Structures are given as structure tokens and as C-alpha cells.
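Here the structure is a predicted model, which is why all the values come from computation and not from measurement. A, B, ... follow the sequence lines: proteins, then strands. Residue 1 opens every chain.
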Amino acid sequence: MKNDWEPKIVAFLCHWCSYAGADLAGISRIQYPPNIRVIRVPCSGAVNPLYILKALREGADGVLVSGCHPGDCHYLSGNYFARRKFFVLHQLLQWLGIEENRVQFSWVSASEGQKFSQVVEETVEKVKKLGPAQKLVKEFTFHV
Amino acid sequence: MSKGLVTKEKWWKWLEDKKDRLFLSERAQKRYGSWFPPEVKVVKNGKEILLPSGEEMYRYFWAGEEWKVEEGEVNTAPLFFFSLPCEARAIIEITDKVFLHEPIDKNYRQRRKSLSLGILACLQPEPTCFCSLVGGGPFWKNEEALFLVPRKEDIYVEGEGELLSYSEEGGEKVKQEIQTLQKEVESGLPSPLPSYFSQELYQHFEDEEWDDISWHCMNCGACTFLCPTCYCFDLSIEGRLKGFQLRSWDSCMFPKFTLHASFHNPRPTGKERVRQRVMHKFSYFPEREGNFACVGCGVCVEKCPVNWDIREAIERMVEKIDRLRA
Amino acid sequence: MFEKEIRRKAKELLEAKTVDLVIGYTSGSLPFQARPILVSSPEDVGKLVWNHFARSNLARYLLPYRDSSKKIALLAKGCDARAVAVLLQEEQFPRERIHIIGLPCPGVISRRKLEEKLGEIKEEDFSWEENSFLFQGEKWEVRPFLEDTCARCRYPNPPLYDELIGEEKEPWRDGSVDYLKELDNQSREERWQFFAAELSRCIRCYACRNACPLCYCKECFAESDSPRWVNGVPTLSDNLFFHLGRSMHLAGRCVECGACERACPEEIKIGLLPLKVEEIVRENFSFEAGLSLEEEAPLLTYKESDPGEFIK
Amino acid sequence: MTASELEVNNPYLPILLPIAEIIEETRDIKTFRLQGDSIFSYLPGQFAEVFVPGKGEAPFSITSSPTNEGILEFSIKKMGVVTTALHRLNPGEKIGVRGPYGNGFPLDKLKSHNLLFVGGGIGLAPLRSLINYVLSPQKREEFAEVFILYGARSPQDLVFKWELEKWEQREDLHLLVTVDRGDNSWQGRVGLVPQVLKEEVKVEAGEWQSIVCGPPIMIKFTIKALLEMGFSPSQIITTLEMKMKCGLGKCGRCNIGPFYVCQEGPVFSYDVLEKLPEEY
């Protein structure tokens with residue numbers, strides 16, 4: 001089973017840049033692994049850390065959050081706020097030793113179809129190394 | 001029912017084939033841990049076995065064309081649970097009455113049927129203990145359960161079943177010793193609440209004392225979750241296309257417990273919720289089932305983060321009731 | 001320990017009707033406990049106590065009065081006052097309805113640590129000073145007995161007050177006693193093992209959240225039905241979800257009082273997560289919550305130079 | 001152990017039934033009709049737990065009459081998670097039901113009396129069960145006069161319009177419909193239920209029993225009006241709504257004083273209710 005295993009990765013993509021970047025990758029027929037499930041969000045700043053935890057809880061093996069490059073935010077500064085928030089989350093997960101490599105962040109602009117495909121490839125690769133998610137996945141066991 | 005003494009060797013012999021089916025309450029372990037093998041599973045109280053903090057009531061799944069539901073299986077291997085009298089009383093006099101009462105709760109009943117109780121006499125009541133106030137006692141026993149008084153070299157046993165066949169007649173001397181011990185232990189404990197208390201308490205529902213009594217309670221669920229008698233639960237689901245109906249602990253201390261979908265809440269503040277907890281234990285439950293829904297184990301008092309002490313609430317209401325009766 | 005001054009001040013404020021209510025500590029029903037109390041009449045000020053067992057953060061008791069017209073005097077240790085400052089900044093309470101009686105804090109003592117070192121203890125065997133105590137005639141330093149959360153305290157003195165009772169104190173912290181640092185020195189796998197063991201004991205009674213003066217959401221995400229983040233069963237994964245979510249929600253807001261940890265009935269080292277988050281915030285965004293009413297909360301602002309190497 | 005050694009059923013397990021029909025009553029209220037042989041028998045005024053797989057479970061009063069065999073109807077207002085999910089369903093899809101729970105209306109007490117029904121908004125749903133029971137050919141003779149006063153906020157908020165029309169045509173009952181606020185096309189009465197009750201319902205309280213259901217505030221003022229009209233507390237019957245989960249008297253949240261609304265209720269007569277704490 002281990003050999004067949006393909007990770008499921010939830011990607012929160014900002015509507016203005018990364019989603020368009022993913023679109024461009026598609027239009028340009030740039031290949032990238034089919035492991036991601038895209039959720040379009042208005043801005044990377046709108047991604048609550050709980051979304052990331054929830055994705056992992058519900059069985060995603062990895063999470064990718066991608067937004068506009070610093071300075072390019074459609075809402076001027078949403079991605080700067082996001083950067084602070086995700087920095088704290090990233091550091092915390094790293095410190096706790098849980099799943100921090102399952103959670104990846106990137107800036108991908110609307111013209112970076114190539115970069116988007118790279119980011120997905122790298123993310124999939126990292127998550128594959130880690131194997132199926134465990135620590136944050138919801139569990140349920142009968143007590144007695 | 002028979003009585004007798006079981007020597008240490010025979011006790012261990014009796015335990016031999018039960019090692020992996022033994023449960024011991026945390027508080028009993030502190031006192032009598034050395035009488036049990038290291039394999040014993042230590043639980044907070046019987047609730048952890050009979051009403052686990054999460055359990056599956058049934059499964060549902062999308063079977064391609066339609067939804068299906070099916071029941072899970074409850075493990076019914078025979079288990080032994082040794083606990084202090086208060087903790088056994090919580091099962092026999094409170095949760096059994098709720099869950100074995102029609103309509104019978106199947107999961108509870110399955111587990112309960114396979115659970116044998118052993119009551120270990122309580123020889124060192126703690127400062128937070130008040131079992132005698134609510135009708136129990138450190139030597140409380142029940143014909144359904146084994147009653148044990150571990151001593152230096154042997155265990156005094158009352159009850160029925162296999163363990164008794166390991167016992168020897170203790171004679172008048174042992175009987176005397178046990179009685180003396182019981183008297184000694186019981187001497188420092190409070191006397192029972194007056195018989196009129198539960199009925200009269202209800203008459204004081206509207207009293208302003210509740211404001212003061214409830215003020216410093218933070219409305220967390222520590223007391224209710226750790227209480228051996230608090231059985232209130234929530235039903236919720238987990239999973240979309242396949243999942244289960246979950247039963248999990250709930251607490252009358254939480255605002256959500258009674259919040260309607262319309263956002264109306266009949267118990268909107270801490271005052272109503274604290275009052276509900278006290279009333280349920282000391283008035284409503286006695287009215288329905290004939291005894292308090294509190295066994296006086298004192299765990300809620302000991303564990304409360306802000307030292308909210310149910311004994312003080314009770315004392316205060318008893319005083320008021322007695323003042324008004326006089 | 002300034003108990004007389006506190007009572008006198010409370011009486012004065014109530015009699016002059018400067019305030020309607022005083023929130024402070026009183027002795028509990030168990031030894032080594034000081035529980036929160038509401039005093040509304042000058043006759044009751046004698047119930048107020050001030051000692052090494054003031055575990056709660058009293059700022060949380062302000063919030064139920066947010067929509068009343070009551071004017072409230074609050075006894076505030078360093079951390080309580082910091083929490084008030086955050087509440088003021090977040091517009092959860094009007095400044096003019098609160099009168100802060102600042103109390104330089106001698107640190108909260110852990111009953112467990114007393115028992116571990118001194119064996120069976122009775123209240124009458126002790127006589128207390130600020131920095132030391134006599135136990136059966138023998139003198140002991142307070143410091144080794146402090147709660148973990150307090151041993152690393154940096155701000156025993158209230159940064160915000162209307163008046164101060166007692167003298168400003170030197171912080172205990174000199175870097176030598178810090179349970180967070182001890183954990184930092186472990187490997188990540190060890191830390192994970194530690195937290196997995198601690199958090200699997202959590203029963204999700206939410207005492208930590210309810211003790212927290214800054215966890216004032218009307219509906220906590222942990223109990224929300226729509227969306228539903230976690231279920232009510234205290235499994236390790238959902239416990240982790242709750243505590244991670246709570247810590248993240250407190251990022252840049254937590255005043256490091258440790259009331260959450262001291263409230264835990266299972267004695268789980270639950271303060272470590274928000275404390276770590278604050279350390280991350282302090283080291284990277286040079287911010288500490290509740291020290292100033294002006295400086296903007298770190299997650300409500302940004303700098304172009306913020307760390308971003310973790311983003312591809 | 002007190003429990004018998006017989007096998008017991010899992011009381012939490014629902015039976016799954018397909019939705020036979022969905023009737024849109026108002027903008028946010030739909031009536032769901034379930035059909036099938038496996039439907040349990042019930043009394044007017046009882047309720048059931050409705051389960052939407054993958055979404056959750058919630059209690060609803062049964063609005064159909066047991067005289068209409070093999071039918072189970074619920075009228076449901078879109079409010080929270082479960083009700084929203086229900087509103088998204090189509091006929092043919094399966095939902096779970098378990099029940100019936102609660103005491104139901106006191107039929108023996110009501111027999112051979114004149115019945116005054118006072119309903120507000122969706123509060124007509126539980127009353128409808130009893131009304132159709134009383135109006136059924138099998139039962140009609142057991143009861144005397146029937147008077148129905150029904151009100152809603154606006155003409156758009158009136159439920160069971162299709163049935164109100166049928167009732168209107170019958171000669172063995174009086175029907176009064178009122179709205180709080182009318183609109184251009186509304187020809188009927190305008191006025192709050194308690195007010196219309198006092199002004200237009202002229203009955204000799206002595207021979208009547210009243211059955212009231214609606215939003216809490218309406219119930220409160222309706223009871224006040226009925227008392228003024230000479231109804232004694234025992235002649236006023238109402239059905240309450242409380243947060244419920246198990247329906248079995250075990251989960252511990254729906255009590256008012258020592259009574260569990262899911263067991264001793266949801267139907268209470270006012271002489272019992274007035275002695276209970278006002279925690280509902």
C-alpha cells in the first residue's frame with residue numbers, strides 16, 4: 001500500500017495571484033502532480049490558521065497556502081498580515097515537532113505558472129517523504 | 001452473602017486470571033495500589049468505563065445509492081472495577097438509575113452487565129470528602145458488589161462469588177475489629193442532610209443567595225467532567241459521507257448546553273447554570289429517583305480551579321432552610 | 001503582606017462611592033487557596049486577603065460587567081494589570097469604569113511543590129513573607145516553590161494602575177528558572193512526546209480558556225457548530241487542535257500570566273503553548289502584550305522586513 | 001441489576017425513511033412528509049428526533065395526525081445546521097427518525113370538551129396534529145365545538161395555507177386568521193393574537209379547553225388573555241420548546257425544575273407550568 005500511496009494536499013490559493021497562477025499553469029499545459037485540491041480564497045490574509053489545522057484533521061496529508069508576492073496584494077497588505085500569522089504558526093509547529101513540513105507557504109503571482117508547478121512538485125515531494133498524516137488527524141477509538 | 005478473610009497469597013491467586021480485565025479508580029489506587037498488579041488499568045472513576053468521554057452510538061454511511069445506518073459492537077468481556085465506596089455508589093445509585101431506566105440505554109447496559117464491582121472501604125477520608133452528608137459512608141456497601149477491607153496481611157471480604165471460596169472464617173474477633181475500624185473512620189464525618197432538604201431546597205430556587213454562591217465559578221466543566229455521577233451528554237455527528245453518531249460528555253456549566261437554535265437560552269448566565277447543577281443533584285434527582293445525585297467524593301471540590309465548593313452552597317442553603325423552619 | 005492597606009483602600013473606595021464593587025481575593029474553603037471574591041459593601045472588606053496563592057487572573061471577572069454601569073476596583077498583580085491593558089486596548093471595557101489597585105506580585109506558590117519538598121503540610125505551620133516563609137520555624141526561600149508559570153515572570157509590577165499598594169519588585173526571572181527554556185533544550189521528538197503525553201490527559205473542560213482574561217469570545221471555535229472544527233471527545237488530535245487554535249488566537253495578546261495552566265484540574269502544562277507563541281512574537285516582532293495602550297497588536301500590523309524565509 | 005435479561009434495542013438508532021413530499025409553506029418553512037409501513041405509532045403533541053446523515057440530529061414536533069396512518073409530517077423552519085440541511089433535501093432522499101417522544105396532548109382530558117386552539121407562526125405545527133385528529137371522521141364525535149385562532153407576523157408567514165382553506169370550508173369549526181402586519185393583498189384580520197383573542201373570541205370559558213402554541217412571547221400574553229377571559233390554569237394547555245438531544249430523559253439538558261420536557265412534556269397544562277421555575 002505504501003508504494004501506491006499518493007498524498008492529498010489542500011491548497012488555499014488567493015484569488016488574485018496564486019489561483020490565476022495555477023490557471024496559467026493549466027492553460028500553458030505545464031505539468032504538476034495531481035495531488036492538490038484547490039480551495040480558492042479571496043486573499044492569503046483570509047486564511048485562518050484553523051483552516052490549516054482543520055484540513056489536516058479531516059485527512060489532508062499536506063496543506064499549501066499561496067498568495068501574492070509581498071507588495072502585490074490586491075488588498076494592499078493582506079499578505080503581509082498573513083506572513084506574520086503564518087510565521088508564528090510555522091514556528092510553533094516546528095517547535096512542537098508536528099507536521100510543520102506538511103504545511104507549506106508560497107508567493108505565486110498570476111504570471112508564474114511555472115513557479116506554481118514547481119511549488120506543487122516540491123510540496124508533494126516533501127509530504128511524500130513524511131508519509132500519511134498522523135498527528136493532527138481526527139481519531140476515534142472505542143473506549144472499552 | 002458471606003463474610004470472611006482472604007489472605008494475601010489467596011488474593012493474588014484470585015487475581016491471577018483477571019489481570020488484564022482489572023480496573024481500579026485513581027483514588028483507590030492511591031490507597032490500595034499495592035494490592036493490585038501493575039497491569040491494572042487506572043481510571044478516574046466508573047464513568048470512564050461505563051460512559052466513556054466519547055463513544056459511537058451508531059454508524060452511518062452512503063452506500064452508493066442511499067444512506068445506511070448500523071450499530072457498533074460493545075465489548076462485553078467481563079471486567080472488574082475496584083473503587084472506593086463513593087465511586088461505586090455513583091454507579092449503583094445514580095448512573096444505573098438513569099441508564100437502566102426505560103428506555104434502557106443499550107450501550108451502557110451491555111457494559112454494565114459485564115462489569116463486576118468491588119468496593120474498597122475508605123479508611124482515610126480526605127478533607128474534601130463528605131460522603132456521609134449525602135447518605136453514603138466510608139463503609140458503604142451494596143449486595144451487588146464485593147465489599148473489601150484490606151488489612152495488613154489479609155483482606156476482609158463480604159459478598160458472593162468466587163473470591164469468597166478463597167476466604168476463611170474470621171470469627172467474632174475480626175468482626176469486632178472491622179466494626180471498631182468503621183466507627184473510628186466515621187467519627188469525624190458530617191451527619192446526613194436533613195430528609196426535608198431536597199424538597200425545601202426547591203422552594204428556594206428564586207433566592208438571591210444564588211448570585212453570591214455562583215459568582216466566582218468560571219463555568220468550566222472540570223467539576224462535571226471529573227464527577228463520578230455527572231452523566232449529562234451531548235450527541236453529535238462526526239463525518240460526512242461516512243461517520244458516526246457520537247456521544248460525548250457535556251456539562252450544564254457550558255452556555256451551549258441549553259442554547260436554542262434561535263439563540264434563546266433558558267439558562268443564560270453562570271448563576272442559572274450553577275443553580276441547575278446544585279438543584280439537579282440535590283433536588284430534581286432526589287425527587288425522581290429517591291437519592292441525591294452526589295456521592296460526596298469531593299473530587300469537584302479538590303479539582304476546582306477557583307475553589308468553588310459545593311459543600312458551602314449546601315451548607316448555606318441548609319442554614320437558611322433551618323432558620324426559616326425554626 | 002499589605003492586606004491591611006488593601007482592605008483600607010477597598011473600604012475607602014466603596015464608602016466614597018468611587019467604585020460600586022471591588023474584585024479581589026479571599027481565603028478559600030481549602031488551605032493554600034485564595035479565591036476570587038466580589039465585595040460590594042464596606043463591611044465586607046475584611047474578607048479580602050492577599051497572599052502567595054492568588055492563582056486566578058482577576059481581569060477575567062471584569063467582563064461580565066462590560067455592559068453594566070458598575071464602576072469596579074480590581075486588585076491587579078502585574079499580569080492582571082497587563083490583561084486589563086489588553087482588554088482596554090481591545091475595547092472590551094471602558095477605562096473610566098475601572099479602578100486598578102496595583103499589587104507588585106510576590107509570585108504564586110505551588111501547593112504541589114510545597115508538598116513535594118516539605119511532606120504533609122498544614123496552613124498553621126507556615127508564616128509568610130514576600131520572599132521567604134517560615135515552615136515549622138525553619139526559613140525557606142519562596143522562589144523554588146513558585147508555580148512554573150510564575151518562576152519565569154518578567155513583570156511582577158503592574159504596568160498600569162490607578163494606585164499601587166506595596167513596593168515595586170525585582171522580577172524573579174533571571175533566566176535560571178524557566179520551564180519553557182528547559183523544553184527548548186530538548187529535541188523535537190522529545191518535545192512532541194512530552195506534549196502528546198500531556199495533551200492526551202486533557203479532558204477539555206475548558207478551565208484554561210475560562211480562566212483566561214483574554215479568551216472572551218462569545219462563541220469559542222472549539223464549541224462552534226457551524227463551522228464545526230472539533231468534536232466534543234477529548235482525543236489527542238482534537239485536544240491538540242483546541243490548544244493550538246487557542247494559542248494562535250492569543251498570539252500577540254497573551255500576557256503570559258499562566259492562569260490557564262494554574263486552572264487546569266489535571267495539572268497539564270498547558271501554559272507552554274501560548275507562552276511559546278509569545279516568545280516567538282517577542283523575539284521576532286519586538287512586542288509584549290499589555291505593556292502599553294498605544295502600541296498596536298503585532299498581528300494587526302506588519303513590517304516589510306518581517307521574516308519570510310519560510311515562504312517559497 | 002434491575003434491567004431484564006432480554007435483548008434491548010438501541011434507542012438512539014433511527015429508522016431511515018425516504019421523503020415522500022416537501023411542501024413549501026413560507027420563505028423559510030417547509031413541511032416534510034414521510035411515508036412507510038415502519039413508521040411508529042404516536043399521539044398528537046409528541047415529537048421525534050430527525051436525523052440528516054452527515055449533518056446531525058434535531059427534535060421536531062410531529063405535525064401530522066396519527067389518524068392519517070402511515071404518514072409522518074414535520075414542519076421545519078430553517079434555523080441552524082440541521083434545519084438548513086433539511087431544507088436542501090429533495091423528495092426521495094432518506095432521513096432518519098426515532099421516536100415518538102414526550103407525553104402528547106391529554107386526549108382524555110380534552111374529550112367531549114369545546115376546544116380553543118390558539119397558534120402563532122410555526123407554533124401551529126404541533127396544534128395541527130391535534131386539530132386533524134379531532135377533525136378526523138373517526139374522532140370528530142368525541143369532541144364538541146372547535147375554535148381555531150391562528151396568527152402570524154405577515155400573510156407570507158402563515159403556514160398550512162392549503163389546509164387553512166380546507167378548515168375554512170368546514171362547518172363544524174370556527175377559524176380566525178390574523179396577521180401582525182398586513183400587506184396590499186391581505187383582506188383578513190390584522191392584529192396580535194392575544195389582542196384578537198380578547199376582542200373577538202367570545203366563549204364561555206367553563207366548557208372550553210384551550211391549547212396554545214407559538215413563540216414564547218405570544219404564549220406569555222395569550223395565557224394572560226385566557227386567564228382574563230375566565231380560563232382556569234388547568235384549562236390552558238401549552239407545548240414547550242427546549243433544547244433537546246436524546247429525547248430519552250438522559251442527556252440532562254431539557255429540564256424545567258424536576259421535569260424533563262422530553263419525558264413529562266412537551267405538553268404542560270398551565271397549572272403545572274406556573275409552579276415551575278421560569279427557566280424555559
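Residue contact with chain A, scored on non-hydrogen atoms closer than 4.5 Å, involves the backbone and the side chain of Pro298(C) alike. Heavy atoms closer than 4.5 Å to chain C are found nowhere in Leu56(A), neither backbone nor side chain. Neither the backbone nor the side chain of Ser187(C) comes within contact range of chain A; no heavy atom of the residue lies under 4.5 Å from a heavy atom of that chain. Only the side chain of Phe221(C) comes within contact range of chain A, judged by heavy atoms closer than 4.5 Å. Of the atoms belonging to Val88(A), heavy atoms from both backbone and side chain fall under 4.5 Å from chain C. For a residue to count as touching a neighbouring chain, one of its non-hydrogen atoms must lie under 4.5 Å from one of that chain's; by this rule Arg228(C) touches chain A with the backbone only. Residue contact with chain C, scored on non-hydrogen atoms closer than 4.5 Å, is absent for Pro70(A). Contact of Asp184(C) with chain A is made through backbone and side chain together, with heavy-atom distances under 4.5 Å. With a threshold of 4.5 angstrom between heavy atoms, Gln94(A) approaches chain C through its backbone and through its side chain. Interface residue Phe195(C): only side-chain heavy atoms are found under 4.5 Å from chain A. Residue contact with chain A, scored on non-hydrogen atoms closer than 4.5 Å, involves the backbone of Leu300(C) exclusively.
How far CG of Asp306(C) is from CZ of Phe87(A): 8.5 Å, rounded to the nearest 0.5 Å. The distance from the OG atom of Ser237(C) to the CG atom of Leu53(A) is 11.0 Å, given to the nearest 0.5 Å. How far CZ of Arg57(A) is from CG of Asn231(C): 5.0 Å, rounded to the nearest 0.5 Å. Atom CG of residue Leu92(A) and atom CG of residue Leu244(C) lie 5.5 Å apart, to the nearest 0.5 angstrom. Once rounded to the nearest 0.5 Å, the distance linking CG of Leu96(A) with CZ of Phe194(C) reads 10.5 Å. Taken to the nearest 0.5 Å, the CZ atom of Phe105(A) stands 13.5 Å off from the CD atom of Glu309(C).
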Thr123(A) and Lys312(C): CA distance, side-chain angles, deciding distance, side chain to side chain contact (heavy atoms under 4.5 Å, CB included) verdict
CA-CA 10 Å; Thr123(A) 306; Lys312(C) 282 197 286 273; 3.9 Å; yes
**Request:** Take Ile311(C) and Phe86(A), measure what side chain to side chain contact (heavy atoms under 4.5 Å, CB included) needs, and give me the verdict at the end.
**Result:** CA-CA 9 Å; Ile311(C) 304 175; Phe86(A) 297 141; 5.8 Å; no
_Show, in sequence, the C-alpha distance, side-chain angles and deciding distance for Val281(C) and Gln91(A), and conclude whether the side chain to side chain contact (heavy atoms under 4.5 Å, CB included) test is met._
CA-CA 10 Å; Val281(C) 166; Gln91(A) 294 270 304; over 6 Å; no
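Among Gln118(A), His90(A), Arg83(A), the residue making the largest number of heavy-atom pairs under 4.5 Å with chain C is Arg83(A). No other option in Asn284(C), Leu272(C), Val277(C) has as many heavy-atom pairs under 4.5 Å with chain A as Asn284(C). For the set Glu190(C), Glu189(C), Glu304(C), the count of heavy-atom pairs under 4.5 angstrom toward chain A peaks at Glu304(C).
No more than 12 heavy atoms of other residues, nucleotides or ligands lie within 6.0 Å of CD in Glu91(C), so this atom counts as exposed by the packing criterion. The 12-atom threshold is exceeded at OH of Tyr61(C), counting heavy atoms of other residues, nucleotides or ligands nearer than 6.0 Å. Within a 6.0 Å sphere centred on CZ of Arg112(C), heavy atoms belonging to other residues, nucleotides or ligands number 12 at most. Within 6.0 Å of NZ in Lys8(A) there are 12 or fewer heavy atoms belonging to other residues, nucleotides or ligands. Other residues, nucleotides and ligands contribute at most 12 non-hydrogen atoms within 6.0 Å of the NE2 atom of His249(C).
In this structure, the side chains of Leu89(A) and Met248(C) come closer than 4.5 Å at one or more pairs of heavy atoms. Inter-residue side-chain proximity for Trp95(A) and Arg191(C) is flagged as met; some heavy-atom pair is nearer than 4.5 Å.
Judged by the 6.0 Å distance and 45° axis criteria, Lys135(A) is positioned over the aromatic ring of Trp192(C). Geometrically, Arg84(A) engages Phe285(C) in a cation-pi contact defined by less than 6.0 Å to the ring centre and at most 45° from the axis.
Of all heavy-atom pairs spanning Lys54(A) and Phe241(C), the tightest one is N-CE1, 3.3 Å.
Below 30°, between 30° and 60°, or above 60°: for Tyr302(C) and Phe81(A) the angle between ring planes is above 60°, a perpendicular geometry.
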